[in-house]
**Q** 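Could you have a look at this structure, given as structure tokens, before my questions?
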Amino acid sequence: VISSGTLTISAKDDGIRGKDYLIIKDGRITVNSSGDGLKSDNENDASLGYVLIENGTLTVTAGGDALSAQTDMLIKDGNLTLTAGGGSGSYVNGSGASSKGVKAGVSLIVDGGTLKVSSADDALHSDGSVIINGGNLSLATGDDGVHADADLTVNGGDIDVTKSYEGLESRTVLTVNAGTVHVVSSDDGFNVAGGVDGSGWPGGPPGGFDDGGDYYLYINGGEIVVDANGDGLDSNGSITMTGGVVIVNGPTANDNGALDHSSFKLTGGFLIAVGSAGMAQGPGTNSTQCSVLLNLGSTQPAGALVHLQSSDGAGVLTFKPAKKFQSIVFSSTGLVLGGSYDLYLGGSDSGVSSDGLYPEGGYTAGSKYGSFTISSIVTGSGQRR
């Protein structure tokens, strides 16, 4: 137990290690280690080996894992700056070493604090479950931003995955109830039914698997913003969205889609997803909120505004995609059965964008692409025009 003080540690192996537990209540701790930074493990008792960070300032540079718990890892508060395995630009596959920012063998819970992580392997990882209730997290990694071998739940906080192979990944269930999540990924932004360590490294194992299980992505609230080179939201099973805001700037290549699922039930919230048209999907017909899927006749350049307005001229959507696109998926309460709408591409808006959305301001029309009527829960069916 460390309650206070200033510690500066340089170690050829682990920096600070507790056999049964390691508890940091406060203090200023700096660790440079060739092995793990802060660690707790008990080979003789599988119920022990936990880590609790209650407060303090931790700066850890580790050749292995920055923080590692054999069982549970709980971060309640504090200011943590963690570098593992040389940082997000390094690769350690093939060596057998673990180089994660924060690793738990059973459960990882983040209740608060400020975490800045740069890791060669997953930034946050659990062999079991991950729960994020709060905190400010800035994560850069050569593999996954947040990874759970079982369930991953976000109940709050501000999560910013600035670099990753896959942003948030869970093997069985991924749930977002509240909070803000920004993801930049070279493959999938959100992935359910994936989970192989080191899949983001050159020559590493495949990034996902489907072993015939049941997989679920639940979005009940919060704000999700994804910039993905692979699939934006990817579930090898179902997606259920009941609320929140989801913005996806998806792939530009046709072998992936902004949305990838076996089924998608949408009953509430706001969704805009743009990307390539080759594998474009929208919500399913079992949804209760109207949506539109439009595959355009040609690829539009990055930054070309997408503007949707009702036939009486009332604006429903003005969005500025971050990358070139040919497919648009949109759903909100502004779409109603029987309503008629006009789609414009290009033009300008006098307002200030927030993650590409223009909630206020005045739209100056570009080119009118076409008009359509919402005749069913899902309109468009992806036909090119």
Side-chain angles (χ1 to χ4, degrees), residues 62 64-69 73 75 82-93 97-105 107-110 115-132 135 137-154 157 159-176 179 181-210 215 217 224-236 248 251 256 260:
D65 302 319
L67 304 182
S68 177
M73 172 79 65
I75 300 173
L82 312 175
T83 304
S88 61
S90 299
Y91 306 101
V92 296
N93 59 312
S98 178
S99 55
K100 297 173 173 64
V102 181
K103 182 174 76 174
S107 69
L108 167 59
I109 301 175
V110 180
L115 282 73
K116 183 177 182 180
V117 180
S118 178
S119 58
D121 201 346
D122 302 337
L124 304 184
H125 174 100
S126 174
D127 294 344
S129 64
V130 175
I131 300 175
I132 300 175
L137 287 63
S138 177
L139 312 175
T141 171
D143 202 11
D144 303 329
V146 183
H147 172 102
D149 279 354
D151 302 343
L152 168 56
T153 303
V154 179
I159 304 168
D160 188 9
V161 181
T162 59
K163 178 186 177 184
S164 68
Y165 177 68
E166 292 184 322
L168 271 63
E169 181 175 75
S170 172
R171 178 163 184 171
T172 56
V173 181
L174 199 167
T175 304
V176 178
V181 182
H182 286 77
V183 167
V184 176
S185 64
S186 60
D187 195 37
D188 301 337
F190 279 42
N191 183 33
V192 184
V196 182
D197 279 346
S199 56
W201 304 330
F209 58 84
D210 186 349
Y215 311 111
L217 170 59
I224 297 169
V225 182
V226 173
D227 185 333
N229 284 338
D231 299 322
L233 304 183
D234 182 7
S235 172
N236 284 352
V248 178
N256 286 293
D260 185 6

**Q** Could you list the residues that satisfy side chain to side chain donor-acceptor pair (under 3.5 Å) with T172, not counting sequence neighbours?
**A**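 Partners of T172 by the side chain to side chain donor-acceptor pair (under 3.5 Å) criterion, ordered by chain and then number, come out as D151.
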**Q** Could you report the tightest heavy-atom contact between G232 and V248, atom names first, then the distance?
**A**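 Closest approach of G232 to V248: CA-CG1, 3.8 Å.
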**Q** The criterion is side chain to side chain donor-acceptor pair (under 3.5 Å); which residues satisfy it with T153, sequence neighbours excluded?
**A**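 Side chain to side chain donor-acceptor pair (under 3.5 Å) check on T153 returns nothing, list empty.
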**Q** Give a yes or no on whether the backbone of L152 and the side-chain of T175 come within a donor-acceptor separation of less than 3.5 Å.
**A**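 No, because the side chain of T175 does not come within donor-acceptor range (under 3.5 Å) of the backbone of L152.
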**Q** If the condition is side chain to side chain donor-acceptor pair (under 3.5 Å), which residues does D160 pass it with, not counting sequence neighbours?
**A** none
**Q** Would you check if the side chain of D143 reaches a backbone N or O of D122 as a donor-acceptor pair within less than 3.5 Å?
**A** no
**Q** Kindly compute the distance separating OG (S118) from CG (L139), expressed to the nearest 0.5 Å.
**A**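 That separation rounds to 10.0 Å.
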**Q** Checking L174 against L217 for the side-chain contact (heavy atoms from CB on, under 4.5 Å) test, could you report, in this order, the C-alpha distance in whole Å, the side-chain angles of both residues, the deciding distance, and whether it holds?
**A** CA-CA 5 Å; L174 199 167; L217 170 59; 3.9 Å; yes
**Q** Testing I132, V146, V130 for side chain to side chain contact (heavy atoms under 4.5 Å, CB included) with L168, which one passes?
**A** V146
**Q** For A228, which residues count as a side chain to side chain contact (heavy atoms under 4.5 Å, CB included) partner, sequence neighbours excluded?
**A** S185, V226
**Q** Output yes when D121 and K100 qualify as a salt bridge under the 4.0 Å nitrogen-oxygen rule, no when they do not.
**A** yes
**Q** What pairs with D65 under side chain to side chain donor-acceptor pair (under 3.5 Å), at least two apart in sequence or on another chain?
**A** S98, K103
**Q** Which residues pass the side chain to side chain contact (heavy atoms under 4.5 Å, CB included) test with D260, sequence neighbours left out?
**A**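 Only D231, D234, Q281 meet the side chain to side chain contact (heavy atoms under 4.5 Å, CB included) criterion with D260.
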**Q** For residues A66 and G101, report the shortest heavy-atom separation together with the two atoms involved.
**A**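 The pair with the smallest heavy-atom distance is CB-O, 3.2 Å.
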**Q** Output yes when a side-chain donor or acceptor of S119 lies under 3.5 Å from a complementary backbone atom of A84, and no otherwise.
**A**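 Side chain of S119 to backbone of A84, a donor-acceptor pair under 3.5 Å: no, none is there.
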**Q** Please tell me if the side chains of D149 and H125 come closer than 4.5 Å, counting only heavy atoms from C-beta onward.
**A**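 When only atoms from C-beta onward are counted, H125 and D149 do touch, with a gap below 4.5 Å.
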**Q** Going by the rule side chain to side chain contact (heavy atoms under 4.5 Å, CB included), which residues pair with T83 if we only count those two or more places apart in sequence or in a different chain?
**A**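 Partners of T83 under the side chain to side chain contact (heavy atoms under 4.5 Å, CB included) test: T61.
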**Q** Which pair of heavy atoms, one from N229 and one from P251, lies closest together, and at what distance?
**A**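 Shortest heavy-atom contact: O-CB, 3.2 Å.
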**Q** If you measure from CD on E166 to CG on D187, what distance do you get to the nearest 0.5 Å?
**A** 4.5 Å
**Q** Can you tell me how far OH of Y165 sits from CG of D144, rounded to the nearest 0.5 angstrom?
**A**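 The CG atom of D144 sits 9.0 Å away from the OH atom of Y165.
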**Q** Walk me through whether L115 and L124 qualify under side-chain contact (heavy atoms from CB on, under 4.5 Å).
**A** CA-CA 10 Å; L115 282 73; L124 304 184; 4.3 Å; yes
**Q** Does the S68 side chain pair with the main chain of A104, one donor and one acceptor, at a distance under 3.5 Å?
**A** no
**Q** On a heavy-atom basis, which atom in G85 and which in A120 lie closest, and how many Å separate them?
**A**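 Looking at all heavy atoms of both residues, the closest pair is O-CB, 3.7 Å.
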